[in-house]
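Single-structure report; data block below.
By convention in this document, chain letters (A, B, ...) are assigned in the order of the sequence lines, proteins followed by strands, and residues within each chain are numbered from 1. Computed from a prediction, not measured in an experiment: that's the story for all the values here.
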Number of protein chains: 2
Amino acid sequence: MATTSTTAKSQTLMVFEAVRGDILDVRMEPGSRLHVGSLVERFGVSQSAVREALSRLVADGLALALNQKGFRVAPVSIDDLHDLTEARIEMEVVALRRSLEKGDAAWEARVLAAYHELSRSTPVAVEKLHGTMLLWGVLHRRFHNALASAAGSDWLERFREVMFDQSERYRKLSVSHPTGPRDVDAEHRALMQAALERDVDRMHQLVAAHFRATAEIVTEAMQSRASAVK
Amino acid sequence: MATTSTTAKSQTLMVFEAVRGDILDVRMEPGSRLHVGSLVERFGVSQSAVREALSRLVADGLALALNQKGFRVAPVSIDDLHDLTEARIEMEVVALRRSLEKGDAAWEARVLAAYHELSRSTPVAVEKLHGTMLLWGVLHRRFHNALASAAGSDWLERFREVMFDQSERYRKLSVSHPTGPRDVDAEHRALMQAALERDVDRMHQLVAAHFRATAEIVTEAMQSRASAVK
DNA sequence: AAATAAAAAAATATCGACATTTTTGACTTT
DNA sequence: AAAGTCAAAAATGTCGATATTTTTTTATTT
């Protein structure tokens, strides 16, 4: 996974990225406690480094800091998922409208290339393997980023990224849930075509359907899980 | 977020809120260094508490952490101000559209009350005193929050708040700059009326003009300051 | 036996100290 | 005198230890 790169990163950054990955990939149960001592042992660093990393996760909305009661993984809920999804649709449309207005030939090339790579990565709709799932996630992100890449706003990009991360976390909650028939590739192809045709209204429809379809599946998974456990 | 509480706050939170206030109120020069040692002395707490507080500011976008070179106050630039302003207009319109759709009688009452308090707080357009300026800032924020308060999305609210804070910081950069004639109260009254009439398109126009007018003044102040200093 | 209270254990928030790295400032060289 | 060099000073990132608070376990009472 996201390990250290060429330059020597600070201990804080290392822990930050590792725990962040654990939370986003749902290797840590939402709402569960983040024991400082355990992380100190696991990463072989001091408490300071761990606490600083956790503090940054708090501000990012991935962890909670309860007064005198330590840190917890940010919880999930169906209400939050719904709110997140609808807000994300609005935000995405804002970025896409701009991108479709300002996108040049290079942008079109980026969109085409990203779609091509994404569609090739799921050749026979077999994504059960852990490795290929991760790869697909990266290409999926790249495709959606390509669509919005001509918007040219650091602020919109930043918020989009936060919401994408959160959405991915919810999506991973439902990986083992039995899913109905869905042609995700067709959805992406339609998005690509509408983008190249600069059809903002169609784009809005497609994005809303695309995001809501995923949210629907996750909601079902959460409901069935809630009634099964405890 | 109003995390005020009667119980004893942690040292980290105390430092976090204090430094956050210093940055947002421009008592600390953008881009300047945040010495851990100085803050330890000033607040009488340990390095851990200070570093944790600064780490949270980093994730909030109010400070920067440079590898092995300590923390700095987040810099400002005319480009960033422009980006921020345009992104904020889009975001605000999204929230306002929802709010105007869903707003009920209680919402109308909130908007009216907030406008009334705001308009009364600048009786003779004399806002030079530091104390009243701060008060006006609170009422100003309250008014804009009231307008969007029926949107009912925690995520939109969170992003709006981040952008409001950032915009306020820029505004405070220009408090001593000579400003042309501007009837801010009239702008707010127009916003209130358009809101109560549920006129989304008008609202969009007014919000864009309102935000851009402030950004224009700040840009001038930054330009004249850049050519004067150093 | 259930509920309550006290004691033990664990975990947290905070602190001061240390090794490394960066910055500062005096000194030398062209 | 300007530029480069090198040692002193300051600041950073990291660490282990300690006092408080929370959680768990054990004992007591109704």
Inset, instruction - Please work out if B:Leu54 contacts a base, only the sugar-phosphate, or nothing of the nucleic acid, heavy-atom cut-off 4.0 Å. - result: nothing
Inset, instruction - Please determine if B:Arg88 forms a cation-pi arrangement with B:Phe211, meaning its NZ or CZ atom is less than 6.0 Å from the six-membered ring centre and no more than 45° off the ring axis. - result: yes
Legend entry - Most 5' of B:Glu52 and B:Gln47 on DNA chain C, judged by nearest nucleotide: B:Glu52
Legend entry - Of B:His35 and A:Arg33, the one whose closest DNA chain D nucleotide lies more 5': B:His35
Inset, instruction - Assess the side chains of B:Ser153 and B:Arg98: does a donor N or O sit below 3.5 Å from an acceptor N or O? - result: no
Inset, instruction - Indicate, with a heavy-atom threshold strictly under 4.0 Å, whether B:Arg51 touches base, sugar-phosphate, or nothing. - result: base
Legend entry - A:Phe43 CZ - D:dG16 P separation (whole Å): 16 Å
Inset, instruction - Starting from P on D:dA11, measure out to CZ on B:Arg72 and report it in whole angstrom. - result: 13 Å
Legend entry - Aromatic ring proximity A:His188/A:Phe143, centre distance under 6.0 Å: yes
Inset, instruction - Scan A:Leu66 against the nucleic acid and name what it touches under 4.0 Å (heavy atoms): base, sugar-phosphate only, or nothing. - result: sugar-phosphate
Legend entry - Rounded distance [0.5 Å steps], CD in B:Gln166 versus CD1 in B:Ile23: 9.5 Å
Inset, instruction - For A:Ser48 and for B:Ser38, locate the closest nucleotide of DNA chain D by heavy-atom distance; then report the residue assigned to the nucleotide nearer the 5' terminus. - result: B:Ser38
